2 protein chains.
Amino acid sequence: MIRNMSHNSFALLQARGYKLTEPRRRVIEQLHDRRRALTALELHQLLASEGISLASIYRTLELLVELGLAEAATRSGDEQRYIACSPGQHHHHIVCSRCGRVADITECLLEPFEDVVRERTGFTIESHTLEFHGYCSACRQ
Amino acid sequence: MIRNMSHNSFALLQARGYKLTEPRRRVIEQLHDRRRALTALELHQLLASEGISLASIYRTLELLVELGLAEAATRSGDEQRYIACSPGQHHHHIVCSRCGRVADITECLLEPFEDVVRERTGFTIESHTLEFHGYCSACRQ
DNA sequence: ATAATAAACGCAAATGATTCGCAATATGTC
DNA sequence: GACATATTGCGAATCATTTGCGTTTATTAT
């Protein structure tokens, strides 16, 4: 299952004409397997034994976001965290404030409200960002 | 009205024992009067004639966030934007993707969903971040 | 009002996450 | 199995933000 999710990303990468390199494979695996919001530096440390450069990690993350295979978490600190993401369906995440664990919220809760927001504010609505924060079962006191 | 909103912030600042200085007054005024999500650099440029240092703008923004008088917008780019905020009631914003104009969404749309999210994910929920993006009436094509 | 006093300021240097240039290497293809 | 090229690792560069420090300014008490 976890393997399959990584493999989906591998496949999409290649289908778009990108090479499936060692740094890309490893970053994708980590993001999927750990199910955590990770920083570039954390990925670099997790992959220390692989001799992958920090620059490649940044470049890979940029590519994954572009392809919809990862997304940048809401920032709370000076380092950006990244979350593995299935492309296609729009959805949201809850992130553990202690360990960074991520869970998906499978459908979008907000589309029904976009009309209300448009009427109230006079803005047209193109998108929204939503992220919940709390504690996963392991980190709850 | 606009003046009152700035004055509320002035008062809260002083009530908490902080001095109402020129940089603080000006930054608060700009954030309230422009009703836009602004970067530190933009504030510095807007206030160029006042001889206010960029460092003071950063320090003021940090203080305003701490006091709940401003909040950091969802980042989309390499500079943080800040939004004037009334402390007290939890609410959300919609930000114009072209000009940065901000409108308030007066109450929170998501509290009713927190139970659902908790049940589905097994996380306890402490908070959430939500921001809408679109175009204000002036920027809509 | 005026002086006393501590918080805040302006400046310039430091920090640190992220990006970039380039020679070397690894991937997918023929 | 060799080729052509995308991608890598390295180190240097960038640039938003933070910090140290001597000076200024907002508040409090005289």
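Computed over heavy atoms, backbone and side chain alike; hydrogens, waters and symmetry mates excluded. As the structure is a prediction and not an experimental result, all values here were calculated from the model. Every chain is numbered from 1 and lettered A, B, ... according to where its sequence line falls, protein lines coming before strand lines.
Around atom CZ of B:Arg34, no more than 12 heavy atoms belonging to other residues, nucleotides or ligands sit under 6.0 Å away.
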Next on the checklist: Does A:Ile28 form a side chain to side chain contact (heavy atoms under 4.5 Å, CB included) with A:Phe10? I'd like the steps, not just the answer.
Outcome noted: CA-CA 8 Å; A:Ile28 289 168; A:Phe10 298 166; 3.6 Å; yes
Side-chain polar contacts of residues 50-59 of chain A - donor-acceptor pairs under 3.5 angstrom, sequence neighbours left out - could you list them?
{"unit_1": "A:Glu50", "atom_1": "OE1", "unit_2": "A:Arg26", "atom_2": "NH2", "d": "3.2"}
{"unit_1": "A:Ser53", "atom_1": "OG", "unit_2": "A:Ser56", "atom_2": "N", "d": "3.1"}
{"unit_1": "A:Ser53", "atom_1": "OG", "unit_2": "A:Ser56", "atom_2": "OG", "d": "3.2"}

Show me the donor-acceptor pairs within less than 3.5 Å that the side chains of residues 65-77 of chain A make with the rest of the protein, sequence neighbours left out.
{"unit_1": "A:Arg75", "atom_1": "NE", "unit_2": "A:Gln80", "atom_2": "OE1", "d": "3.2"}
{"unit_1": "A:Arg75", "atom_1": "NH1", "unit_2": "A:Asp78", "atom_2": "O", "d": "3.4"}

Could you pull out every donor-acceptor pair under 3.5 Å between side chains of residues 107-114 of chain B and any protein atom, sequence neighbours left out?
{"unit_1": "B:Glu107", "atom_1": "OE1", "unit_2": "A:Arg120", "atom_2": "NH1", "d": "3.1"}
{"unit_1": "B:Glu114", "atom_1": "OE2", "unit_2": "B:His128", "atom_2": "ND1", "d": "2.9"}

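Here the P atom of nucleotide D:dT19 and the CG atom of A:Asp78 are 10 Å apart, to the nearest Å. At whole-Å resolution of the value, CD in B:Glu79 and C1' in C:dA17 are 15 Å apart. Atom pair A:Leu43:CG and D:dG9:C1' shows a separation of 17 Å (rounding to whole Å applied). When the C1' atom of C:dT18 is taken as reference, atom CD of A:Glu42 falls 16 Å away, rounded to whole Å. Between B:Leu38 atom CG and D:dA16 atom C1' the separation is 16 Å, expressed in whole Å. Atom CG in B:Leu47 sits roughly 13 Å away from atom P in C:dC9 (whole-Å rounding). Look at NE2 on B:His44: it is 13 Å from P on D:dT17, rounded to the nearest Å.
Applying the salt bridge (charged side-chain N to carboxylate O under 4.0 Å, His left out) definition to pairs two or more places apart or across chains, none involves residues 85-100 of chain B.
Remark: B:Tyr18, B:Lys19, B:Thr21, B:Pro23, B:Arg24 in residues 15-24 of chain B come within less than 4.0 Å of DNA chain C through at least one heavy atom. DNA chain C lies under 4.0 Å from at least one heavy atom of each of the following residues of residues 49-76 of chain B: B:Gly51, B:Ile52, B:Ser53, B:Ala55, B:Ser56, B:Arg59.
Looking at heavy atoms from C-beta onward, B:Arg24 lies out of side-chain contact with B:Glu29 at the 4.5 angstrom threshold. Residues A:Glu131 and B:Leu130 have side chains not in contact (no heavy-atom distance under 4.5 Å, counting atoms from C-beta outward).
Using a 4.0 Å cut-off, no side-chain N or O of B:Gln80 falls inside it from OP1 or OP2 of D:dT17.
Taking a cutoff of 4.0 Å between a charged side-chain nitrogen and a carboxylate oxygen, A:Glu42 and A:Arg81 qualify as a salt bridge.
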